[in-house]
Amino acid sequence: MAKTILITGASSGIGKATAAHFAKHGWNVVATMRQPAEEHDLAAENVLVTRLDVLDDASIASAVAEADARFGGVDVLLNNAGYGAYGALEATSMEVVRRQFDVNLFGLVAVTKAVLPNMRAKRNGVIVNVSSVGGRMCYPLGALYHGSKWAVEGLSEALHYELAVLGVRVKLVEPGGVDTDFGGRSFVFTNDESLAEYQPMVSAMVSAREAMDTRTFQKPSGVAEVIWEAVHDPSARLRYVSGEGAKVLLEERFSLERDEAFLAAMRERFGIA
Ligand code: NAP
């Protein structure tokens, strides 16, 4: 019998590519998004496109109920929905701070809690959390995005122990740069020019973004393949780094004796004393 994956944030980028990949390989796909009426590419017999906003508990419950009714439950959850809030913490309102953690962290927790009773009853399931290379290293002015992704990392690492008792495997997928519209539609930047001290760093960040060569970025279909690998890996392995750039960065970072050297090189790169 075909298995079923429920994906959050399937309207674009990594979520959409993963929905297409699993559907093509015969899986049932519950492709959830905030505006399902705007989705015209994923329609197929084995794909249910439905509304789920990770900030709306009722929409989570109703998407999970629809998945049960149509496909008999969810075997795999892909927590993919997320966006990046950047900018100096001091310049950022608490509303923006809370929203970043509400979507990237608490939304992921809410959807996970919604599928767990069924996975516990079946003693089976996989939960894949899309973190980031930025869940294990940071860029300046990224306290909120990185804070939320490091929280996803810690939460997932603890859960991968906890849910093993249920036969549920937890996986972290950590992409580096991916060629999606994340830097456009999913990028929120706050700046307050009256806070002069931060402006050189803001300029350095803007220049670094402009200099980024997105042609070197991994295609979202490449991340979908890593997610496929993680889902089909029967081992307890937790982390799956996606993309060559991400592998290089994390190699440099997690050689422990290089940790401080890595932070110093990052400070130098962004002109931070
Ligand atoms: P994307 O194409 O902009 O996709 C982001 C998705 O998140 C969209 O489908 C968006 O839905 C959804 N979303 C945002 N807020 C939501 C909410 N409240 N409820 C439900 N869905 C919501 O960017 P992407 O690159 O594919 O990003 C997907 C994930 O990959 C994110 O978690 C991101 O942090 C991670 N990631 C991306 C990169 C990269 O370089 N692109 C690198 C590392 C990690 P709407 O269409 O409704 O806005």
Side-chain angles (χ1 to χ4, degrees), residues 6-21 30-42 49-60 62-63 77-86 96 98-112 114 128-139 142 144-153 155-156 172-188 209 212-224 226-227 230 239-247 249-250:
L6 185 147
I7 301 173
T8 64
S11 64
S12 67
I14 295 168
K16 186 167 189 167
T18 307
H21 189 83
V30 185
T32 75
M33 56 197 72
R34 290 188 290 186
Q35 310 283 350
E38 289 173 14
E39 170 50 51
H40 304 295
D41 305 322
L42 289 171
V49 175
T50 193
R51 182 174 174 274
L52 189 160
D53 180 335
V54 300
L55 300 181
D56 175 355
D57 288 343
S59 77
I60 296 172
S62 121
L77 167 63
L78 177 65
N79 280 312
N80 164 74
Y83 74 98
Y86 280 78
V96 172
R98 289 204 171 93
R99 188 175 174 84
Q100 176 72 115
F101 283 82
D102 277 344
V103 172
N104 289 9
L105 179 65
F106 297 119
L108 172 152
V109 171
V111 184
T112 300
V128 182
N129 294 333
V130 178
S131 172
S132 169
V133 67
R136 291 208 283 153
M137 51 80 67
C138 298
Y139 286 100
L144 302 180
Y145 181 67
H146 294 298
S148 72
K149 290 296 187 183
W150 281 61
V152 167
E153 291 270 338
L155 179 114
S156 305
L172 275 163
V173 170
E174 303 169 325
V178 188
D179 189 12
T180 67
D181 196 22
F182 187 78
R185 72 209 292 279
S186 295
F187 186 78
V188 175
R209 275 173 55 76
M212 247 170 6
D213 183 358
T214 53
R215 288 170 308 177
T216 64
F217 281 14
Q218 188 178 30
K219 296 286 168 220
S221 57
V223 185
V226 175
I227 291 167
R239 291 188 166 87
Y240 300 78
V241 181
S242 184
E244 288 316 307
K247 284 178 188 159
L249 269 176
L250 291 180

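Counting convention: from 1, in listed order, for ligands and their atoms alike.
Considering D53, L52, T8 only, the shortest heavy-atom separation from atom 18 (N) of ligand 1 involves D53.
Under a 4.0 Å heavy-atom criterion, R185 is in contact with ligand 1. Using 4.0 Å as the threshold, G134 has no heavy atom nearer than that to any atom of ligand 1. Under a 4.0 angstrom heavy-atom cut-off, G107 registers as lying outside contact with ligand 1. Using 4.0 Å as the threshold, K149 has a heavy atom nearer than that to some atom of ligand 1. Contact annotation: F217 has no heavy atom less than 4.0 Å from any atom of ligand 1.
For ligand 1, the atoms lying closer than 4.0 Å to a non-hydrogen atom of G177 are 40 (O). Atoms of ligand 1 lying under 4.0 Å from at least one heavy atom of Y145, given by number and element, are 33 (C), 34 (O), 36 (N), 44 (C). The ligand atoms of ligand 1 that sit less than 4.0 angstrom from a heavy atom of S11 are 8 (C), 9 (O), 11 (O), 45 (P), 46 (O). Close contacts of ligand 1 with S131, meaning ligand atoms under 4.0 Å from a residue heavy atom, involve 35 (C), 44 (C). Atoms of ligand 1 found under 4.0 Å from any heavy atom of G13, numbered from 1 in the order shown, are 2 (O), 26 (O). Within ligand 1, counting atoms from 1 as listed, the ones closer than 4.0 Å to a heavy atom of V130 are 29 (C), 30 (O), 35 (C).
Aromatic ring centres of F182 and F217: separated by at least 6.0 Å.
The protein heavy atom nearest to atom 48 (O) of ligand 1 is R34 NH2, 2.7 Å. Residue, atom and distance of the protein heavy atom nearest to atom 21 (N) of ligand 1 are A81 CB, 3.3 Å. Atom 32 (O) of ligand 1 has its closest protein heavy atom at N80 O, 2.8 Å.
K149 places no side-chain N or O within 3.5 Å of a backbone atom of M137 that could act as its donor or acceptor partner.
Proximity of T180 to ligand 1, defined as any heavy-atom pair under 4.0 Å, is confined to the side chain (atoms from C-beta onward).
Taking the six-membered ring for Trp and thresholds of 30 and 60 degrees, Y86 and H146 have ring planes more than 60 degrees apart, a perpendicular arrangement.
In this structure the side chain of R239 never reaches within 4.5 angstrom of the side chain of L250, judged on heavy atoms.
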